[in-house]
Colleague: 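Please find one structure pasted underneath; my questions will follow.
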Amino acid sequence: MPDSSPLELMCLSDEEQSVSLRVIGGVSFSGTDQYDALQAEIVVSTGFVSGRVELYLNAYDLDSWAGVLETLTAGGKATWLESGRSPRIMIDPTGENESGCTEVSVCDVTGSQVFVTVPLVNNPDWGAHRRLLAAVRSRFRLER
């Protein structure tokens, strides 16, 4: 039986707060052993605000995340999921912002219109995020 536990694709956190994206499972419309989309959720957890929003990811989204990771590894700011069909995630690891920390913002552009920014004191390990992406791709083969 295949593993049905959620799998993290992104986990940005410090000792007090976090923003994560978990893949819940694959969705197949074609009846093959490959998936057409991944059901996922973004979870924000802080002492001030907590919430979650559901979304679906496709192969293009995972390719785009790989590109975002390259930008972040090089020290740049990046925005992911800009299509307008799902929540948007913006990551600023530069510290050249008001908080002086890595800032992760989530905007629920398709639903509540809520925009939240979470400052994180820890510097993310982008190599670890590439390994998370590889694990998601290994478990969930997506149609192209």
Side-chain angles (χ1 to χ4, degrees), residues 1-46 49-97 99-112 114-144:
M1 176 189 295
D3 187 355
S4 62
S5 61
L7 190 60
E8 284 192 334
L9 176 61
M10 178 184 76
C11 183
L12 301 167
S13 64
D14 61 19
E15 293 76 28
E16 297 181 17
Q17 36 206 28
S18 66
V19 177
S20 63
L21 189 147
R22 297 186 305 179
V23 175
I24 308 296
V27 179
S28 178
F29 304 111
S30 58
T32 68
D33 63 342
Q34 291 188 320
Y35 297 108
D36 298 300
L38 300 178
Q39 181 184 4
E41 65 180 357
I42 298 170
V43 179
V44 175
S45 178
T46 77
V49 64
S50 295
R52 61 180 287 284
V53 60
E54 294 180 357
L55 68 153
Y56 287 89
L57 302 172
N58 58 33
Y60 171 80
D61 295 326
L62 296 185
D63 293 343
S64 176
W65 178 235
V68 164
L69 289 172
E70 292 304 315
T71 299
L72 295 167
T73 298
K77 301 176 189 179
T79 300
W80 184 43
L81 302 173
E82 296 182 272
S83 69
R85 65 173 171 72
S86 65
R88 182 177 307 130
I89 299 173
M90 289 126 323
I91 304 171
D92 179 358
T94 66
E96 298 171 359
N97 47 51
S99 70
C101 301
T102 295
E103 288 186 347
V104 182
S105 300
V106 178
C107 182
D108 181 16
V109 296
T110 60
S112 67
V114 169
F115 184 96
V116 63
T117 298
V118 178
L120 303 169
V121 294
N122 295 345
N123 290 322
D125 177 354
W126 303 120
H129 282 86
R130 282 197 281 292
R131 291 187 292 278
L132 292 174
L133 173 58
V136 167
R137 284 181 162 162
S138 176
R139 186 189 301 175
F140 300 101
R141 293 184 22 215
L142 284 170
E143 286 283 346
R144 293 202 175 261

Colleague: For the residue pair C11 and L132, what are the closest heavy atoms and their distance?
Modeller: N-CD1, 4.4 Å
Colleague: Check this for me: F115, atom CZ, are more than 12 non-hydrogen atoms of other residues, nucleotides or ligands nearer than 6.0 Å?
Modeller: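 Yes, CZ of F115 has more than 12 neighbouring heavy atoms, counting only those of other groups under 6.0 Å.
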Colleague: Is the CD atom of E82 crowded by more than 12 outside heavy atoms at less than 6.0 Å?
Modeller: yes
Colleague: Side chains of L57 and L21: does their closest heavy-atom pair fall under 4.5 Å?
Modeller: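 Of all side-chain heavy-atom pairs linking L21 with L57, at least one is under 4.5 Å.
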Colleague: Indicate the atoms forming the closest heavy-atom contact of S50 with S45, along with that distance.
Modeller: OG-CA, 3.7 Å
Colleague: Within the structure provided, determine whether V27 and D36 are in side-chain contact (heavy-atom separation under 4.5 Å).
Modeller: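 The answer is no, as the side chains (C-beta and beyond) never meet within the 4.5 Å cut-off.
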Colleague: Give me the ring orientation class for W80 and W65: parallel if the planes are under 30° apart, tilted from 30 to 60°, perpendicular past 60°.
Modeller: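 W80 vs W65 ring planes: tilted.
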Colleague: Go through it in stages, so that I can follow the logic: the residues are E16 and V121, the test is side chain to side chain contact (heavy atoms under 4.5 Å, CB included), and I'd like the CA-CA distance, side-chain angles, deciding distance and then a yes or no.
Modeller: CA-CA 9 Å; E16 297 181 17; V121 294; over 6 Å; no
Colleague: State, yes or no, whether a side-chain contact exists between T102 and N123 at a heavy-atom distance under 4.5 Å.
Modeller: yes
Colleague: Could you tell me which non-hydrogen atom of T110 sits nearest to which non-hydrogen atom of S86, and how far apart they are?
Modeller: CG2-N, 3.5 Å
Colleague: Looking at Q17 and L120, would you say the former's side chain and the latter's main chain have a donor-acceptor pair under 3.5 Å?
Modeller: no
Colleague: Would you give the length of the straight line joining atom CG of L72 to atom NZ of K77, rounded to the nearest 0.5 angstrom?
Modeller: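 Atom-to-atom, L72:CG and K77:NZ are 12.0 Å apart.
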Colleague: If only atom types and distance count, is the side chain of T73 paired as donor or acceptor with the main-chain N or O of L69 below 3.5 Å?
Modeller: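 At least one qualifying donor-acceptor pair exists.
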Colleague: Would you say Y56 and Q39 make side-chain contact, with heavy atoms under 4.5 Å?
Modeller: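 Yes. Closest side-chain heavy atoms under 4.5 Å.
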Colleague: Does a side-chain heavy-atom distance below 4.5 Å link V68 with T71?
Modeller: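 No, side chains not in contact.
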Colleague: Just so I know, are the side chains of P124 and M10 near enough to count as touching, which here means a heavy-atom distance under 4.5 Å?
Modeller: no
Colleague: Looking at every heavy atom in both L81 and P87, which two are closest together, and how far apart are they?
Modeller: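 Heavy atoms of L81 and P87 come nearest at CB-O, 3.3 Å.
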Colleague: Kindly indicate whether the side chain of I91, heavy atoms from C-beta on, has any atom under 4.5 Å from the side chain of W126.
Modeller: yes
Colleague: After noting the C-alpha distance and the side-chain angles of V43 and E8, does the key distance pass the side chain to side chain contact (heavy atoms under 4.5 Å, CB included) rule?
Modeller: CA-CA 11 Å; V43 179; E8 284 192 334; over 6 Å; no
Colleague: Is there a side-chain contact between L62 and L38 (heavy atoms, below 4.5 Å)?
Modeller: yes
Colleague: Checking side-chain hydrogen bond (donor to acceptor under 3.5 Å, both in side chains) between S105 and each of T117, T79, D92, which is the one that passes?
Modeller: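 Going through T117, T79, D92 one by one, the side-chain hydrogen bond (donor to acceptor under 3.5 Å, both in side chains) with S105 is satisfied by T117 alone.
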Colleague: Looking at every non-hydrogen atom in both residues, tell me the closest pair between L142 and A59 and how far apart they are.
Modeller: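 Smallest heavy-atom distance, with atoms named: CD1-N, 3.6 Å.
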Colleague: Is there a side chain to side chain contact (heavy atoms under 4.5 Å, CB included) between D61 and L55? Walk through the geometry before answering.
Modeller: CA-CA 11 Å; D61 295 326; L55 68 153; over 6 Å; no
Colleague: V116 vs D108, test: side chain to side chain contact (heavy atoms under 4.5 Å, CB included). Steps then yes/no.
Modeller: CA-CA 9 Å; V116 63; D108 181 16; over 6 Å; no
Colleague: Mind checking the CZ-CD spacing from R130 to E70? Nearest 0.5 Å is all I need.
Modeller: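 Rounded to the nearest 0.5 Å, the CZ-CD separation comes to 5.0 Å.
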Colleague: Distance from R141 atom CZ to Y35 atom OH, nearest 0.5 Å?
Modeller: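 Between atom CZ of R141 and atom OH of Y35 there are 10.0 Å.
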